[in-house]
Structure formats: C-alpha cells, structure tokens
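Single-structure report; data block below.
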There are 2 protein chains.
Amino acid sequence: MEHLAHAAACYYRSFAVVAAGQGLTLIQGKMLSLLGRPLPMRALAELLGCDASNVTGIVDRLEARGLVRREAAPADRRVKTVVLTPEGEEAVRRIRADIVAGLPGLEQLDDHDRRTLQDLLDRAFPHTTG
Amino acid sequence: MEHLAHAAACYYRSFAVVAAGQGLTLIQGKMLSLLGRPLPMRALAELLGCDASNVTGIVDRLEARGLVRREAAPADRRVKTVVLTPEGEEAVRRIRADIVAGLPGLEQLDDHDRRTLQDLLDRAFPHTTG
DNA sequence: CTCGATGGTTGAGGTCATCAAGCAATAAAT
DNA sequence: ATTTATTGCTTGATGACCTCAACCATCGAG
C-alpha cells in the first residue's frame with residue numbers, strides 16, 4: 001500500500017521535474033499531454049477533475065506561451081476548442097521523452113514484467129471507475 | 001506507460017477526495033501521514049520535495065486546526081519538531097481507512113497478485129532513487 | 001570571538017483551486 | 001416566436017500552494 005503511494009509520488013515528482021525543465025507546471029504538462037486531439041474546455045475540465053473556471057486560466061497561460069490555441073467550434077458557437085500549436089506538440093514530445101528517461105527503473109523491467117504490471121494496474125484502477 | 005499515469009492519477013484523486021472529506025488539502029493529508037514519528041521542518045521539506053518556507057505555512061494551518069504541534073528540539077534550539085496531536089493521529093487513521101475503502105479495485109486482487117504488484121513497483125521505483 | 005553554515009520564518013509574486021455571478025448561445029416549452 | 005432553462009466559458013474574489021530572496025537565531029569551526 002505505501003508502495004503504491006511511493007510509486008505515485010515518484011511518478012508525479014518526475015513529471016513535475018520534467019515539466020519544470022520547460023518552464024511548465026505539472027498541471028500545464030498534464031493538459032498538454034491530454035491534447036493529442038483538440039478538446040473543448042469542458043472536456044479538459046472533466047479530464048483534469050477540476051472546475052471549468054480553472055481551465056480558463058491554465059489555457060490562458062499556455063496560449064500566452066504559444067503552446068496552445070483557442071478555436072471557435074463551428075457546430076456550437078459557445079464552445080472553444082483547444083488545439084496544440086506545433087510548439088505545443090514539440091513540448092509534448094520532449095515531456096514524454098524526458099519522462100521515460102527520468103524513470104530508469106522502468107527500463108530494467110523486461111517485456112513480461114511490464115505486461116504483468118500493466119495488467120495489475122488495469123485491474124486495480126479500472127478505466128470505468130474514475 | 002499511460003497505465004502508470006492513469007494509476008497515479010486515480011490514486012491521487014482518491015487521496016485528494018478523502019482528504020477533502022476532512023477539510024484537508026492533499027498536501028496536508030500527505031504531511032499528516034508522514035508524521036508517524038516526530039520530524040523537524042527540514043525533514044518534512046525534503047520528504048515533500050518542496051521549499052522549507054512552504055512547510056511553514058502548511059504546518060501553520062495544521063497547527064491552527066489542532067492536528068499538529070511544534071516542539072522545540074532540546075539538542076539544537078534552531079530546529080522545531082512537528083508532532084501529531086491525538087486529533088492528528090485520529091485524522092491519519094481515518095484517511096488510511098477511507099483510502100483503502102475508496103480503491104475497490106485493490107480489494108479484488110488476491111494475495112499473490114498484490115505481492116507481485118508490490119514487487120514490480122519496488123523494482124520500477126526503487127527507494128534509493130527519489 | 002568572528003565567520004560561515006544551518007533551521008526556520010517572513011514577504012513578494014505567481015500558479016492552482018473553488019465558488020458565485022455574469023454573458024452568449026443553444027435547446028426546450030408554451 | 002417569445003419565453004425559459006440549460007450549457008459553455010469567462011470574470012472576480014478568496015484561499016492554499018509554491019518558489020525565491022532576505023532575515024534572524026543558533027550552531028560549529030577556526
């Protein structure tokens with residue numbers, strides 16, 4: 001049990017360090033990595049588990065750095081879709097690369113172990129239950 | 001890999017919800033669970049991976065709620081040792097109980113699976129490497 | 001005793017987080 | 001079609017977190 005706590009702490013610390021290496025916050029890095037495809041603000045709020053008004057500020061700051069762009073959705077003119085700019089995509093790529101580089105313990109697991117770990121995590125934290 | 005991200009996110013979300021259920025922040029709950037034995041502020045800062053000046057404020061708020069107490073260390077009058085009050089210990093107990101209750105997926109793993117998961121997490125996130 | 005290092009606090013500045021209130025646009029209802 | 005309710009996003013206020021620089025008190029060594 002505290003093993004889980006330790007693992008989660010290590011993962012997030014690594015993520016925070018990597019994000020900080022690019023002048024980003026943990027939550028900003030998290031948001032960028034969610035933007036594999038354009039998403040409306042509302043969807044981001046639910047994925048991040050926070051208030052919509054919070055997303056406004058985070059996107060503001062990311063937009064100010066040119067990592068993200070707000071686009072008006074044609075179907076529903078209320079929604080604003082958030083899209084990664086090329087610089088944003090580059091940032092995501094660097095974050096992913098740095099993350100795996102920053103978790104050397106993962107590299108030492110062979111394929112069988114990784115599949116086992118993946119399976120156990122899936123069962124312990126099913127995707128249906130937040 | 002994104003399985004890890006998902007598991008860590010689930011764990012922390014659950015922790016945050018449980019802590020919020022007692023009017024506590026995630027970081028406040030984390031600090032309380034670290035206080036199984038008295039620790040100086042400096043040690044807390046390193047364990048939490050944040051600045052020492054940050055710990056001051058968090059302990060301030062916990063102390064204001066009577067969950068924690070600052071004690072002067074006799075050996076070195078500079079250091080202040082943080083100690084759980086009985087109410088603090090009770091809060092930690094409730095947090096631990098609520099956490100396991102809030103992760104039903106963990107209950108469905110048998111002993112063998114749990115040992116395997118524990119072993120894999122230990123290897124992926126060794127205790128020597130923060 | 002002086003000097004440098006250490007533990008903790010303070011203050012300024014920025015980010016995150018929630019809530020209440022507001023505006024614009026959609027959807028539903030009579 | 002006009003009203004009504006709902007939805008998506010923003011704004012403002014408030015509080016907690018986080019870091020940095022500066023500060024004070026204490027310790028340790030020369």
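Chain letters run A, B, ... following the sequence lines, proteins first and then strands; every chain starts at 1. In what follows, every heavy atom counts, from backbone to side chain, and hydrogens, waters and symmetry copies are set aside.
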- Item | For atom CG of A:Leu48 and atom P of C:dA17, their distance in whole Å | 8 Å
- Query: Between D:dT6 atom P and A:Arg42 atom CZ, what is the distance in whole Å?
  - Reply: 15 Å
- Task: Can you tell me the distance, in whole Å, between the CD atom of A:Glu46 and the P atom of C:dT18?
- Result: 13 Å
- Message: Without decimals, in angstroms, what is the distance between A:Met31 CE and C:dT15 P?
- Response: 14 Å
- Query: More than 12 heavy atoms of other residues, nucleotides or ligands under 6.0 Å from CZ of B:Arg93: is that the case?
  - Reply: yes
- Distance col, row B:Thr81:OG1 vs B:Leu39:CG, nearest 0.5 angstrom, shows 8.5 Å
- Note on the structure: Between CG of B:Leu26 and C1' of D:dC17 the distance, given in whole Å, is 11 Å
- Nucleic acid contacts of residues 63-82 of chain A, taken as heavy-atom distances under 4.0 Å to DNA chain D: A:Arg70, A:Arg78, A:Val79, A:Lys80
- Item | Over 12 non-hydrogen atoms of neighbours within 6.0 angstrom of CZ in B:Arg42 | no
- Item | Non-neighbouring partners of B:Phe15 that pass ring-ring contact (aromatic ring centres under 6.0 Å, His included), sequence neighbours left out | none
- Query: Between C:dC16 atom C1' and A:Lys30 atom NZ, what is the distance in whole Å?
  - Reply: 12 Å
- Determine: side-chain N/O of A:Arg61 to OP1/OP2 of C:dG14, distance under 4.0 Å, yes or no. no
- Query: Among the nucleotides C:dT10, D:dA16, C:dT18, which one has an atom lying closest to any side-chain atom of B:Gln28?
  - Reply: D:dA16
- Atom CE of B:Met41 and atom P of D:dA25: how far apart are they, to the nearest Å? 18 Å
- Query: Can you find a heavy atom in the side chain of A:Glu87 that is under 4.5 Å from one in the side chain of A:Arg65?
  - Reply: no
- Quick one: does B:Thr116's side chain have a donor or acceptor within less than 3.5 Å of a partner on B:His112's backbone? yes
- Atom pair CG/CZ of A:Leu4 and A:Phe125 - distance to nearest 0.5 Å: 4.5 Å
- Message: Nearest whole Å is fine: how far is C:dA17 C1' from A:Leu44 CG?
- Response: 16 Å
- Note on the structure: All heavy atoms of A:Thr25 vs all of A:Ala19, minimum pair found to be O-CB, 3.7 Å
Using a cut-off of under 3.5 Å, enumerate the N/O to N/O pairs linking the protein to nucleotides 20-22 of chain D.
from: D:dC20; atom 1: N4; to: B:Ser53; atom 2: OG; distance (Å): 2.6

- CG on B:Leu106 to CE on A:Met1, rounded to 0.5 Å: 6.0 Å
